[in-house]
2 protein chains.
Amino acid sequence: MFLITSVERDTGIGRDRLRVWERRYGFPIPVRNKHGKRVYSEQQIRTLQLIKRLLDQGMHPGKLVGLSDSQLNTISQDLSTKNQLKLIINDRMNEFIDCVYCNDTQKLWGLLEQTLIQQGLKTFIIESLAPLITTVGDQWAAGHLNIFEEHFITHQITLFLDSTISKIPVISNTSPVLLATFPGENHNLGLLMIECLLKDKGQLTVNLGIEVPMDQLVMACQRYKSKVILLSFSSAYSNSGLRTELNDLAQQIPDHISVYVGGSGVKKMRKFPKQVILTHRLQNILDLDFS
Amino acid sequence: MFLITSVERDTGIGRDRLRVWERRYGFPIPVRNKHGKRVYSEQQIRTLQLIKRLLDQGMHPGKLVGLSDSQLNTISQDLSTKNQLKLIINDRMNEFIDCVYCNDTQKLWGLLEQTLIQQGLKTFIIESLAPLITTVGDQWAAGHLNIFEEHFITHQITLFLDSTISKIPVISNTSPVLLATFPGENHNLGLLMIECLLKDKGQLTVNLGIEVPMDQLVMACQRYKSKVILLSFSSAYSNSGLRTELNDLAQQIPDHISVYVGGSGVKKMRKFPKQVILTHRLQNILDLDFS
DNA sequence: AACACCATTTTGTCTATAACAAAATAATGT
DNA sequence: ACATTATTTTGTTATAGACAAAATGGTGTT
């Protein structure tokens, strides 16, 4: 039913990777059409999506690819309960999650606005929004939410943050902090939360958005006379050449510019190039002084 | 300096394509590092980006790849002037373009709001916003705007449309029209403009956003009980398997559901599957009755 | 001249297998 | 307990040929 390109797009697993898994682990083995091309079944794609979810959470192919669906599901559930234990789910969080399940936009916006006013921007983002986003991600990873439902919620939160950001007045005329993600990383909630926190602190920001090619990053850096670049990496970001790319970036920008990287996609990394600094938690951003 | 993966990401031209161009047209011929891997220069990447721009505008590799930079620039300029002739640039349009050049967000929002109030939503979108977006695209294609500048403007217009959409009250409780783009197509302004027009007509809409995998489209269709799907394709969308994908979609949804496709990415296509209908102009959307 | 139909060229994607660097894990010694 | 080294795992790249789908050109018909 599906050619290898479709599978690549629907699962996020590259062609070469699919072929080498087929040879090494004996999965997925597609049937062939009359031209000898690989044709994958819908079931195989679903299994691959499940595998991808587990890989994104830090598992490794050798221990996943080739297992039966029920075995994979068991692993997924174990991981899911393990994650839930780490997360403190209070009443307010439950209310948010209810909105997500019911797809109730009106109620969600009401709750967001209410919580924002009650807690203030900083607390709201660190203690309410960030855990909420993590929870939604877990729900999706556990298969309790469809992708399109997760997208919908993500979009609503994005709109809320965008409108919040535009309402924060910034008086400072120091050089702006540049925010962006690398090509291949298309999650922007992390960037938006950081932008909020920085603007709240009075820091000028320029958010270049997601998937910014490196040459554009360098040019924007010159254009806006920025001294600080902030890059966000989600857990779904998998680029074996990340270190190389960070080195490239460090080479292309002047020495006095600092690059901060953050997000679960880089938290396991050690040894960064000079100029590049790892920020472990959202809170740390606030302690930084970019003057 | 750059490995083939970086080139793929920075230019949007796939690895296989780069290698086959090298074989066929003798460009780009990279040097090799000590491991025998292809290493491309920054200049080669810039040339490839220029070629990609021209390909997106309908030119063909055989007539481009291998030409010198000056020859490519000549072609680019010819095309640019040809496009400008087709476009009626009035005073208001010039004002908009000035904002784009000056990067003046405040003024841009002011102008957008003012024009929206003066012209009304329908005229605003069809006669002001759509030409503006085309013009910005042309300016980028002609190299007068950096990619990050174009992204910035696109983002501002996106925010403006999103906020406009959220302000339109919809009373109708008929089944919603589903809006989406296929994976590989990441332009959402087309979708947003259509969503505006439909909501203005009183039509309920659900915008699934960009790059929606087909299975998600099918599931959302069931979930929201939609009878109409609208897909948008920009000129940058190049997928040789588009016909196959539309066939797949037509197979996976019930017969009574219609799929409308639009945008410059499909305007040259002939012969669509049953259920799939081509809408040539934005205006046509308004004439449709989805009851 | 406009249009449909067929032949030819162009173009991108896919196949196959081997090779190897980079990342992750295990094993070792201090 | 921690750093260093060996081993395994894993993803990406290389090679060249094949071929379907798209684009182009040419022919004939209305």
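Sequence lines set the chain letters: A, B, ... in the order given, protein chains first and strands last, and positions in each chain run from 1.
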Specify the separation, in whole Å, of atom CG of A/Leu3 and atom P of D/dC19. 17 Å

Residues forming a side-chain hydrogen bond (donor to acceptor under 3.5 Å, both in side chains) with B/Asp69, sequence neighbours excluded: B/Gln43, B/Thr47

Angle between the end axes of the helix from C/dA1-D/dT30 to C/dT30-D/dA1, five pairs per end, to the nearest 10 degrees? 40°

side-chain hydrogen bond (donor to acceptor under 3.5 Å, both in side chains) with B/Arg53: which residues, sequence neighbours excluded? none

With a 4.0 Å cut-off on heavy atoms, is B/Ile4 in touch with a base, just the backbone sugar-phosphate, or nothing at all? sugar-phosphate

Holding to salt bridge (Lys or Arg N to Asp or Glu O under 4.0 Å), I want the full list of residues that pass it with A/Glu150, two or more places apart in sequence or in another chain. none

Would you indicate which nucleotide in D/dA23, C/dG12, C/dC20 comes nearest to any side-chain atom of A/Arg24? C/dC20

Any residue of residues 25-44 of chain B with a heavy atom less than 4.0 Å from an atom of DNA chain C: B/Tyr25, B/His35

For the pair made of CE in A/Met59 and P in C/dA24, what is the distance, rounded to whole Å? 14 Å

Any Lys/Arg nitrogen of A/Asp16 or B/Arg15 sitting under 4.0 Å from an Asp/Glu carboxylate oxygen of the other? yes

Would you compute the distance between atom CZ of B/Phe27 and atom CD1 of B/Ile51 and round it to the nearest 0.5 angstrom? 5.0 Å

Among the nucleotides C/dA18, D/dT13, C/dC14, whichever has the atom closest to the side chain of A/Arg23 is C/dA18

How many whole angstroms separate atom CG of B/Leu64 from atom P of C/dG12? 10 Å

Using the side-chain hydrogen bond (donor to acceptor under 3.5 Å, both in side chains) criterion, which residues pair with B/His187? Sequence neighbours excluded. B/Glu185, B/Ser234

For A/Arg19 and D/dT12, give me the distance from atom CZ to atom P, rounded to whole Å. 12 Å

Contacts of type salt bridge (Lys or Arg N to Asp or Glu O under 4.0 Å), residue A/Arg24, not counting sequence neighbours: none

Can you tell me which nucleotide in C/dA24, C/dT11, D/dT13 comes closest to the side chain of A/His60? C/dA24

What is the distance from CG of B/Leu18 to P of C/dG12, rounded to the nearest Å? 10 Å

Starting at CH2 of B/Trp21 and ending at C1' of D/dA16, how long is that distance when rounded to a whole Å? 20 Å

Please report, rounded to the nearest Å, how far the C1' atom of D/dA18 is from the CG atom of B/Asp16. 13 Å

Residue closer to the 5' end of DNA chain C, A/Glu8 versus A/Lys63 (nearest nucleotide): A/Glu8

Taking side-chain hydrogen bond (donor to acceptor under 3.5 Å, both in side chains) as the definition, give me every residue that meets it alongside B/Ser68, ordered by chain and number, with sequence neighbours left out. B/Ser70, B/Gln71

Within this structure, what is the CG-to-P distance between B/Leu54 and C/dT11, rounded to whole angstrom? 14 Å

Listed once per pair and sorted, the side-chain hydrogen bond (donor to acceptor under 3.5 Å, both in side chains) pairs that draw on residues 26-39 of chain A, sequence neighbours left out: A/Glu22-A/Arg38

From the candidates C/dT11, C/dC14, D/dT12, the one with an atom nearest any side-chain atom of A/Thr5 is C/dC14

What's A/Arg15 touching, base or sugar-phosphate or nothing? Going by heavy atoms closer than 4.0 Å. sugar-phosphate

Grab the two heavy atoms, one from B/Leu217 and one from B/Ala180, that are nearest each other, plus how far apart they are. CD1-CB, 3.8 Å

